[in-house]
Amino acid sequence: MTDDTARLPFEERRTEDVPGHWLLARIGKRVLRPGGAELTRAMLDQAGLGGADVVELAPGLGWTAAEILAAGPQSYTGVDQDADAARIVARAVAGRGRCLQGDAAATGLPAGSADVVVGEAMLTMQSDRGKQAIITEAVRLLRPGGRYAIHELGLRSVPTEPGSATAARQELARSIKVNARPLPITEWQGLLEEAGLVVDWVGTAPMSLLSLRRNLADEGVRGTARILRNVLRDREVRSRVLAMRATFRRQRDSLVGVAFVAHLPVSPVEAQEDPR
């Protein structure tokens, strides 16, 4: 690409080495969420975006940012560690919001500056310590009563066979070239509650990122045709995509897209001080 603002993250990497979600972005996939566009939209509906100050962590290429802006927030700020992704989103939201390059675990934004914090398909990629650090930062950003909305990859249940969860995570990591660490739904909820949040809503959807039905729903007929055309044109891309699809199919009984909306409680003192 000649336009530097249009560079995709990891564009310089070989097809065999690029993280799976950025490989899919290369071939034209816009919705890169475990539970698809429908689960994201359900989550955003529950998050109360109208008139809110919204911070989105790791917005990727800006698909969710567009959905957030369509809901009429007071303000939108994206924070992405990747400089290329930050530039892409900044251009997509220009005049209606901003996107900064920064660390989701240490954004540098003022404490108590957000009514809603959104994060999708990024906590899954973190270690246990990394997950906790990002959730702690989201809580720091929230005003009392503010909402934290996440959409991640989950395990349908707590594995009963020793090593089964580890085996599933290892196969997934080998396929997508990212050290993905999905959690059982109860453990995701536990992380939020341990951070002092109250879970208000939980939604799930099948993890069928590469199924034809999901792509038609998320990308439309023209978008799906573009993706298929790009897969068919490139043997190395086709090999990677088919391998990821096979992994997802083998793990379909274990993996699930899961979303939560949780709020930061208002303390009795804060409630008394609120003039409303």
Side-chain angles (χ1 to χ4, degrees), residues 1-41 58-67 80 82-89 91-92 120-122 124-125 151-154 167-180 182 204-257:
M1 298 182 184
T2 56
D3 182 356
D4 185 59
T5 63
R7 272 181 57 90
L8 288 174
F10 299 98
E11 191 171 283
E12 73 286 353
R13 286 201 187 177
R14 298 179 302 172
T15 296
E16 62 198 72
D17 297 325
V18 70
H21 55 296
W22 291 123
L23 176 67
L24 295 177
R26 281 186 189 180
I27 62 176
K29 187 156 178 59
R30 302 174 308 129
V31 182
L32 299 165
R33 309 311 189 202
E38 185 176 357
L39 185 57
T40 289
R41 288 176 176 136
L61 297 181
W63 181 84
T64 300
E67 296 288 316
D80 203 298
D82 187 279
D84 293 319
R87 280 195 293 269
I88 290 169
V89 177
R91 191 169 69 168
E120 293 190 283
M122 47 94 71
T124 300
M125 310 303 180
H151 177 173
E152 298 293 339
L153 185 58
R169 289 166 181 154
Q170 288 175 342
E171 182 182 14
L172 186 63
R174 285 194 299 269
S175 178
I176 66 175
K177 308 295 182 181
V178 174
N179 193 18
T204 62
M207 198 323 206
S208 50
L209 189 66
L210 293 178
S211 75
L212 180 59
R213 178 177 296 181
R214 170 66 61 76
N215 277 274
L216 287 170
D218 287 356
E219 313 291 342
V221 174
R222 292 181 63 181
T224 302
R226 180 178 63 250
I227 292 167
L228 289 173
R229 184 168 59 249
N230 289 333
V231 169
L232 292 173
R233 283 176 174 173
D234 190 310
R235 181 177 60 83
E236 292 182 352
V237 167
R238 185 165 63 253
S239 177
R240 280 283 317 270
V241 170
L242 289 175
M244 286 191 289
R245 185 172 184 269
T247 296
F248 296 158
R249 287 178 64 86
R250 280 192 296 272
Q251 298 294 338
R252 62 189 170 192
D253 292 334
S254 300
L255 299 175
V256 64

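- For Glu120, the side chain to side chain donor-acceptor pair (under 3.5 Å) criterion is met by Arg33, Thr40, Thr64, His151, not counting sequence neighbours.
- Put simply, CH2 on Trp22 and CG on Asp82 are 6.5 Å apart, with the number rounded to the nearest 0.5 Å.
- With rounding to the nearest 0.5 angstrom, the CG atom of Leu153 is 7.5 Å from the CE atom of Met125.
- If you check the side chains of Thr124 and Glu152, you find a donor sitting under 3.5 Å from an acceptor.
- Other residues, nucleotides and ligands contribute only 12 or fewer heavy atoms inside 6.0 Å of the CD atom of Glu38.
- Annotation: the span from Thr15 atom OG1 to Arg238 atom CZ amounts to 12.0 Å, rounded to 0.5 Å.
- Scanning both residues, Gly60 and Val89, for their nearest heavy atoms gives O-CG2, 3.2 Å.
- Few gaps surround CZ on Arg250; more than 12 heavy atoms of other groups in view lie less than 6.0 Å from it.
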Apply side chain to side chain contact (heavy atoms under 4.5 Å, CB included) to the pair Leu210 and Leu24, showing each step before the final yes or no.
CA-CA 10 Å; Leu210 293 178; Leu24 295 177; 3.8 Å; yes
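- Summarising the geometry of Ala205 relative to Gly35, their closest heavy-atom pair is CB-O, 3.5 Å, with the distance given to 0.1 Å.
- Contacts of Glu67 classified as side chain to side chain donor-acceptor pair (under 3.5 Å), with partners at least two apart in sequence or in another chain: Arg41.
- Partners of Asp218 by side chain to side chain donor-acceptor pair (under 3.5 Å), not counting sequence neighbours: none found.
- Environment of CZ in Arg229: crowded, with over 12 heavy atoms of neighbouring residues, nucleotides or ligands closer than 6.0 Å.
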Check against side chain to side chain contact (heavy atoms under 4.5 Å, CB included), Lys29 and Leu209
CA-CA 10 Å; Lys29 187 156 178 59; Leu209 189 66; 3.7 Å; yes
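- Smallest separation of non-hydrogen atoms from Leu61 and Ala25: CD1-CB, 3.6 Å.
- Separating the CG atom in Leu23 from the CD atom in Glu236 is a distance of 10.5 Å, to the nearest 0.5 Å.
- Proximity of a side-chain donor or acceptor of Arg26 to a complementary backbone N or O of Leu8 within less than 3.5 Å is not detected.
- When every heavy atom of Pro34 is checked against every heavy atom of Ala121, the shortest pair comes out as CD-CB, 4.0 Å.
- Interatomic distance, CG of Asn215 versus CZ of Arg226, reported as 10.5 Å (0.5 Å rounding).
- Side chains of Pro206 and Arg214 form a contact here, defined as non-hydrogen atoms less than 4.5 Å apart.
- Interatomic distance, CE of Met122 versus CG of Asp80, reported as 8.5 Å (0.5 Å rounding).
- At least one donor-acceptor pair closer than 3.5 Å links the side chain of Arg240 to the backbone N or O of Val18.
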